[in-house]
**Q** 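Let me give you the structure first, and then I'll get to my questions.
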Amino acid sequence: MTYRAPKGTDDILPPASAAWVEAERVFFDLAERYGYGLTLTPMFESTELFSRGIGEDTEVVEKQMYTFVDKGGRSVTLRPEATASVVRAVIQAGGVVGTFKGFYWGPMFRYERPQKGRRRQFSQAGIEYLGEPDPGADVEVIELGYRYLQELDVPNVEVRLNSIGDAADRSEYRKRLIEFLESRRDDLSEDALRRMYDNPMRVLDSKADADAVAGAPTPADFLSSEAADHFAGVRAGLEEADIPYRIVPTLVRGLDYYNRTVWEYVPLDFEAAQSSVGGGGRYDPLFEMLGGKPTPAVGVAMGLDRILLARNEAAQKPLLDAYVILADPDRRTEATEFVRRLRDAGLRADRTVGDRSVKAQFKAADRARAAYALVVGEEWDEGRVTARDLATGEQFSVALEEIETWLKR
RNA sequence: GUGGCCGUAGCUCAGCCUGGUAGAGCGCCUGGUUGUGGUCCAGGAGGUCGCGGGUUCGAACCCCGUCGGCCACCCCA
């Protein structure tokens, strides 16, 4: 094999790509029904945009960024996520007036060792609700992500929810957590010991330390009354919206710009080390960190690659409505015009261009996953074609003037 | 970054231990069926055995190196 796709990247070809087309349509439609507008930003940004706000874990995270120096000597980075870009774009455009509701869709890049559901280029669909401090915004965003998974038939999804409080709550919590970890020093892994002072919250979701940290204090124990009220509002809203959720006190975020609500979507039947198919959080501090006016914000990002892996295997839907089969070479011109007519009517139609046996043309129709084969032969002179249902083998004689409505019925 | 497993036909893999001129199933093409796919039967095409080096009369097979894939750890903005 001379050339292959770069490590950790995937080619998406038909017929498998049909699932991607569907996922995109469903997302665009859903986001627009909730009042969000398409928000497109560059796939690369100045490196500083991403390293700012990442905070304590900068070194680790920069190892996972696709960073390079361009011909003008600028350090740029392929976007590892979209939130920073969207916020930057909104600040650049003058900031939020009232509220801003945007959605995006596209590839993101992280330099990591690939495994199931973890690629170097991967796709996310996300939404950002900017300028709204009310817990109703959190609820709407959580709901939208949940609805998306439902509409794509991802089975058995659990919403895991937590509140990590505001900055002041977290620094108090952090102190107490470090004290706790120090008391368990002997039971902790080497990694945990190394990280307990720079990013202690991350120790909570280390697999190796699950037993040692059982009983550790959790962020929820340190919420200010404002943060606690907000969290209560989110929970009440989810119950009203009939979104099932589970509070997971150890669910945290490593980055400084998150506050209060954080959540993840986990399909319980999806077996992979990388099990979350999406997640979000409130990030009220981010605007100021990026030089904008203080602006409350909440958003979610859905991982398309994992969602498509976790989906119920969709029944193989036809990719074409009709495949025209030329049974009589003398009617080639008519058959060509017939295909064009079907396409003009909005139907997905195709045919074999060259001179092939009827048998070979049927085979091609089958492979193209057409719903019907339409035979153009001697019946054409009577103004009819033979329509064969390729799934059942049933055949019908259909008048030409009715064929479009017949196929669409 | 660390570890385990794996690279042989388009795909999934057997052969490797015990070196002797490369196999199966599926897929593909043709025919049986001069207008019928998906089933059945017959025939056929298709491979620098990931790459480089070494050992040997001889290497898919043994040795060394290298590249790639998968999964887990790690990380998860």
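Proteins get letters first, then strands, A, B, ... in listed order; numbering begins at 1 in each.
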**Q** Among pairs that include at least one residue of residues 286-300 of chain A, which meet side chain to side chain donor-acceptor pair (under 3.5 Å), considering only residues two or more places apart or in two chains?
**A** none

**Q** Once side chain to side chain contact (heavy atoms under 4.5 Å, CB included) is applied, do any residues pair with S224(A), and if so which ones, sequence neighbours excluded?
**A**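 So S224(A) forms a side chain to side chain contact (heavy atoms under 4.5 Å, CB included) with D166(A), D169(A), E226(A), A227(A).
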
**Q** Regarding R356(A), tell me which of base, sugar-phosphate or nothing describes its non-hydrogen contacts under 4.0 Å with the strands shown.
**A**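 Touches sugar-phosphate only.
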
**Q** Classify G393(A) by what it touches in the nucleic acid, base, sugar-phosphate, or nothing, heavy-atom distance under 4.0 Å.
**A** base

**Q** Hey, is the side chain of R388(A) poking within less than 4.0 Å of OP1 or OP2 on G38(B), counting only N and O atoms?
**A**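 For G38(B), neither OP1 nor OP2 has a side-chain N or O of R388(A) closer than 4.0 Å.
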
**Q** Under 4.0 Å between any heavy atoms, over every strand shown, what does T386(A) touch: base, sugar-phosphate, or nothing? Just pick one.
**A** base

**Q** Going by heavy atoms closer than 4.0 Å, what residues in residues 395-409 of chain A are next to RNA chain B?
**A** Q395(A)

**Q** Which pairs with one or both residues in residues 318-368 of chain A pass ring pair (Phe, Tyr, Trp, His ring centres under 6.0 Å), sequence neighbours excluded?
**A**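 As it turns out, the ring pair (Phe, Tyr, Trp, His ring centres under 6.0 Å) pairs with a partner in residues 318-368 of chain A, which skip direct neighbours, are F338(A)-W380(A).
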
**Q** Please report the distance separating the P of A60(B) from the corresponding atom of U8(B), rounded so that it comes out in whole Å.
**A** 15 Å

**Q** Please, which pairs that meet side chain to side chain donor-acceptor pair (under 3.5 Å) have at least one residue in residues 95-108 of chain A, sequence neighbours excluded?
**A** E24(A)-W105(A), K101(A)-E140(A)

**Q** Using a 4.0 Å heavy-atom cut-off across all strands, classify R120(A) as base, sugar-phosphate, or nothing.
**A**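 No contact.
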
**Q** Indicate, with a heavy-atom threshold strictly under 4.0 Å, whether R113(A) touches base, sugar-phosphate, or nothing.
**A**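 If one applies the 4.0 Å heavy-atom cut-off, R113(A) turns out to touch a base.
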
**Q** Considering residues at least two apart in sequence or located in another chain, which fulfil the side-chain hydrogen bond (donor to acceptor under 3.5 Å, both in side chains) criterion with Q150(A)?
**A** none

**Q** So what does A272(A) touch, heavy atoms closer than 4.0 Å: a base, only the sugar-phosphate, or nothing?
**A**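 Here A272(A) touches the backbone only, sparing every base.
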
**Q** State yes or no: are the ring centers of F103(A) and Y36(A) separated by less than 6.0 Å?
**A** no

**Q** For D381(A), enumerate each residue passing the side-chain hydrogen bond (donor to acceptor under 3.5 Å, both in side chains) test, keeping only those at least two apart in sequence or located in another chain.
**A**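 D381(A) satisfies side-chain hydrogen bond (donor to acceptor under 3.5 Å, both in side chains) with R331(A) once adjacent residues are dropped.
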
**Q** Return a table of donor-acceptor pairs under 3.5 angstrom between the side chains of residues 80-96 of chain A and protein atoms on other chains or two or more places apart.
**A**
residue : atom : partner : partner atom : Å
E81(A)  : OE1  : T83(A)  : N            : 3.3
E81(A)  : OE2  : Y257(A) : OH           : 3.2
T83(A)  : OG1  : E128(A) : OE2          : 2.8
S85(A)  : OG   : E45(A)  : OE2          : 3.1
R88(A)  : NE   : Q92(A)  : OE1          : 3.2
R88(A)  : NH1  : E45(A)  : OE1          : 2.9
R88(A)  : NH1  : E45(A)  : OE2          : 2.5
R88(A)  : NH2  : Q92(A)  : OE1          : 3.0

**Q** Does a side-chain N or O of K7(A) approach OP1 or OP2 of G69(B) to a distance below 4.0 Å, or not?
**A**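 The answer is yes; a side-chain N or O of K7(A) sits under 4.0 Å from OP1 or OP2.
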
**Q** Work out how far the C1' atom of C62(B) is from that of G46(B), and round it to whole angstrom.
**A** 30 Å

**Q** Grab the N/O contacts between the protein and nucleotides 41-43 of chain B below 3.5 Å, and write none if there aren't any.
**A**
none

**Q** Would you indicate, yes or no, if C70(B) has its OP1 or OP2 atom less than 4.0 angstrom from a side-chain nitrogen or oxygen of R119(A)?
**A**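 Yes, because at least one side-chain N or O of R119(A) sits under 4.0 Å from OP1 or OP2 of C70(B).
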
**Q** Does C75(B) have its OP1 or OP2 closer than 4.0 Å to a side-chain nitrogen or oxygen of R253(A)?
**A** no

**Q** Provide, to the nearest angstrom, the distance between the CD atom belonging to Q64(A) and the C1' atom belonging to C73(B).
**A**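 From Q64(A) CD to C73(B) C1': 13 Å.
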
**Q** What pairs of residues pass the salt bridge (charged side-chain N to carboxylate O under 4.0 Å, His left out) test when at least one of them lies in residues 261-283 of chain A, not counting sequence neighbours?
**A** D138(A)-R282(A), R253(A)-E264(A), R282(A)-D284(A)

**Q** Would you please name every residue forming a side chain to side chain contact (heavy atoms under 4.5 Å, CB included) with E143(A), sequence neighbours left out?
**A**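 Here the qualifying residues are Y34(A), R147(A), A241(A), I243(A).
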
**Q** Does K363(A) put a side-chain nitrogen or oxygen below 4.0 Å from OP1 or OP2 of C29(B)?
**A** yes

**Q** Remember a base hit wins even if backbone is also touched, and classify Q361(A) as base, sugar-phosphate or nothing at under 4.0 Å, heavy atoms.
**A** nothing

**Q** Of all heavy-atom pairs between L152(A) and A23(A), which one has the smallest distance, and what is that distance?
**A** CD2-CA, 4.1 Å

**Q** Verify whether one side chain among T77(A) and T67(A) offers a donor that lies under 3.5 Å from an acceptor in the other.
**A**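 Yes - a donor-acceptor pair under 3.5 Å links their side chains.
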
**Q** For E379(A), answer base if it contacts any base atom (sugar-phosphate contacts may also be present), sugar-phosphate if it contacts only those atoms, and nothing otherwise; contact means non-hydrogen atoms under 4.0 Å.
**A**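 Answer is base: heavy atoms of E379(A) come under 4.0 Å of a base.
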
**Q** Which part of the nucleic acid does A208(A) contact within heavy-atom distance under 4.0 Å: base, sugar-phosphate only, or nothing?
**A**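 Sugar-phosphate: the residue A208(A), judged by heavy atoms under 4.0 Å, touches backbone atoms but no base.
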
**Q** Indicate, yes or no, whether a donor-acceptor pair under 3.5 Å links the base of G38(B) to the side chain of D366(A).
**A**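 Absent.
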
**Q** Contacts to RNA chain B from residues 121-133 of chain A, heavy-atom cutoff under 4.0 Å, which residues?
**A**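 Result for residues 121-133 of chain A: none.
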
**Q** Quick one: is G35(B) close enough that its OP1 or OP2 comes under 4.0 Å of any side-chain N or O from K359(A)?
**A**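 It does not, given that no N or O in the side chain of K359(A) lies less than 4.0 Å from OP1 or OP2 of G35(B).
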
**Q** Students often get this wrong, so: under 4.0 angstrom with heavy atoms, is A365(A) touching a base, only sugar-phosphate, or nothing?
**A** nothing

